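Take a look at the structure below.
Residue numbering restarts at 1 for every chain, and letters A, B, ... go by the order of the sequence lines. None of these values were measured; they are calculated from a predicted model. Computation of the quantities below employed the complete heavy-atom set of this structure, encompassing side-chain atoms and omitting hydrogens, waters and symmetry-equivalent molecules.
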Amino acid sequence: MQGCSTTGRGAKGVRSACPEAERSRAGGRRGEAEKRMSEQEKKETTGGPRPEEKLLADRRAHMDAVKAKGIDPWGGRHDGTASIGPIVAAYEEGREVSVAGRITGRRQFGKANFLDLRDWTGKIQLYVKKDIVGDAAMELFNLLDLGDLIGVKGKLFKTKTGETTVEVMEFRVLTKSLRPLPEKWHGLQNVEIRYRQRYLDLISNPEVMETFRKRSLIVSEWRRWLSERGFIEVETPMMQPIPGGAAAKPFTTHHNALDMQLYMRIAPELYLKRLLVGGMEKVFEINRNFRNEGISPRHNPEFTMCELYWAYSDYNGMMELTEGLLMHLSRLTSTTGRVPFDGREFDFTPPWPRKKYLDLFQEKAGFDWFDHEKVVAKARELKLEVGKRPHEAIANDVWEHLVEADLSGPVFVIDFPVELSPLTKRSAADNRVVERFELYIANMEIANAYTELNDPIEQRERFERQITAKEEGMERIDEDFLVAQEHGMPPAGGIGIGVDRVVMLLTDSKSIRDVILFPLMRNLE
RNA sequence: GAGGGCGUAGCUCAGCUGGUAGAGCAACAGCCUUUUAAGCUGUGGGUCCUGGGUUCGAUCCCCAGCGCCCUCACCA
């Protein structure tokens with residue numbers, strides 16, 4: 001789509017139009033334009049790339065004309081009095097201001113000109129009148145295009161219709177734009193271009209800028225909140241010799257000098273636990289993880305997770321921490337604690353219900369999760385894959401089909417069967433389950449937490465069992481991690497929270513791609 | 001990986017039952033010194049995603065491919 005402007009489009013159709021356009025636009029700069037024209041003709045006759053489209057040629061002609069006036073079209077430093085948003089908010093008649101931004105609108109009315117100037121805090125109208133700026137400046141003004149960046153000095157006033165406006169006394173070209181902007185009223189709607197050329201999305205859709213500002217605010221406040229409670233942030237390896245801490249397919253890579261096979265991490269868990277052994281009692285990491293799995297509105301191959309460990313706590317501590325953190329973050333976008341998402345509303349006010357995994361299953365299915373015969377029968381009825389898969393895998397599939405649709409939440413699903421959770425400590429009260437919860441909000445899994453297994457003997461047994469079960473991403477046991485644990489890892493609560501998904505909830509974004517600036521796209525060509 | 005939808009001017013979109021395409025914005029030339037999706041007059045702009053096929057004739061029908069979106073599967 002986008003590429004067609006630069007790929008082999010036939011030159012025939014544009015041949016006559018383009019040099020014609022150059023000529024008519026050149027004005028006082030005939031020499032420049034004719035030089036460019038002859039270059040294009042040369043390209044054509046030698047069978048080179050097609051000439052530029054007229055729209056681009058016009059803009060280049062403007063750029064050339066600016067240069068011809070001895071002015072650098074790429075500007076330089078501009079000191080402003082303030083950002084546009086605050087200036088408009090604190091209007092003061094006659095105040096002298098200096099602002100910079102992108103021209104996003106232009107209305108010519110006789111010898112009066114109105115421009116819309118936008119920076120990332122807001123929009124303000126400019127009023128440019130020949131009587132004020134003078135003939136020379138008007139000549140330069142007429143070379144401006146939508147999308148150009150300019151700096152302006154002038155006085156504030158309000159027009160008849162009450163719009164805050166800068167009466168421009170002087171202006172500077174800060175950057176000429178050589179390509180046209182998307183449509184001013186509808187913005188950029190093409191989803192593919194929005195993701196591939198996010199800068200255009202940010203320029204023409206203000207709510208997109210707003211979403212990513214909110215993301216930044218959420219993440220920085222997230223860090224601050226944890227830091228206030230004594231947690232320290234660390235960075236552990238993203239390139240790991242053995243990928244662990246989750247069940248997912250890793251990306252592979254290679255280090256040349258060490259001739260070493262490496263994996264992009266699927267989770268930081270095993271390294272953060274080494275830090276628990278080392279005595280970091282409250283530790284977290286907010287960073288990227290990479291999983292070589294499918295892509296969906298809720299899954300991007302690289303995604304951001306907050307993983308956190310708290311020595312001497314447990315999964316109950318994690319639930320309280322999660323409620324507190326998310327309630328706090330929800331206040332950044334909604335004062336009430338009720339979060340609007342996808343046409344529904346979710347009340348983040350703690351405490352949130354806690355429901356046992358096995359109870360939820362019993363309620364929905366009408367029989368016991370461990371009842372192999374009935375589970376298999378139900379799975380077949382639901383047309384789920386049965387094959388030779390272990391009981392827990394089939395039963396968990398059935399659970400997801402029957403229960404997940406009801407988890408509008410926020411709700412903690414607690415106490416999972418041991419078989420589903422290799423890194424989790426068994427419940428003292430019920431030997432069949434582990435102390436684990438998953439947090440669901442809007443039917444999305446938002447967080448996953450454990451009372452961490454710190455018995456190195458049992459840990460080894462569970463790893464070995466996983467390997468014989470041929471689970472993906474578990475081809476080798478991380479011996480180094482087990483050695484660390486044998487030195488003594490404190491009992492601890494641990495949690496992983498999906499940062500992108502929390503941002504989705506708090507910004508009412510239906511797709512994870514709307515909260516990731518550059519989501520993964522297939523290569524063109 | 002499977003199923004469904006979409007791909008038309010720089011952008012946003014029309015285009016009937018097959019007769020080689022239109023509008024608005026943007027661009028260009030004019031008119032207008034408080035407009036604001038400014039207005040009015042005029043002009044230019046298209047590999048109808050790509051490649052085959054059917055047909056006298058394909059943006060439209062058929063086949064294959066590419067890209068994006070949605071649902072499902074894997075996963076968080």
Just to be sure I understand the rule, does [X] reach a base, reach only the sugar-phosphate, or reach nothing, if contact means heavy atoms closer than 4.0 Å?
| X | value |
| --- | --- |
| A:N300 | base |
| A:G294 | base |
| A:R194 | nothing |
| A:M521 | sugar-phosphate |

Separation of atom [atom1] in [X] from atom [atom2] in [N], rounded to whole Å:
| X | N | atom1 | atom2 | result |
| --- | --- | --- | --- | --- |
| A:D514 | B:rC70 | CG | C1' | 14 Å |
| A:L181 | B:rG24 | CG | P | 21 Å |
| A:N205 | B:rU12 | CG | C1' | 12 Å |

Looking at side-chain heavy atoms only, is the closest gap between A:M305 and A:E269 below 4.5 Å? no
Identify each atom pair where a protein N or O and an N or O of nucleotides 31-33 of chain B are less than 3.5 Å apart, giving names and distance.
residue: B:rC32; atom: N3; partner: A:G110; partner atom: N; Å: 3.1
residue: B:rU33; atom: N3; partner: A:D131; partner atom: OD2; Å: 3.0
residue: B:rU33; atom: O4; partner: A:D131; partner atom: OD1; Å: 2.7
residue: B:rU33; atom: O4; partner: A:D131; partner atom: OD2; Å: 3.0

For A:V152 against A:I150, the heavy-atom pair lying closest together: CG2-CD1, 3.8 Å
Could you tell me how the ring of A:F416 sits relative to the ring of A:Y357: parallel (under 30°), tilted (30 to 60°) or perpendicular (over 60°)? tilted
A:K160 has its side chain closest, among B:rU12, B:rA76, B:rU35, to B:rU35
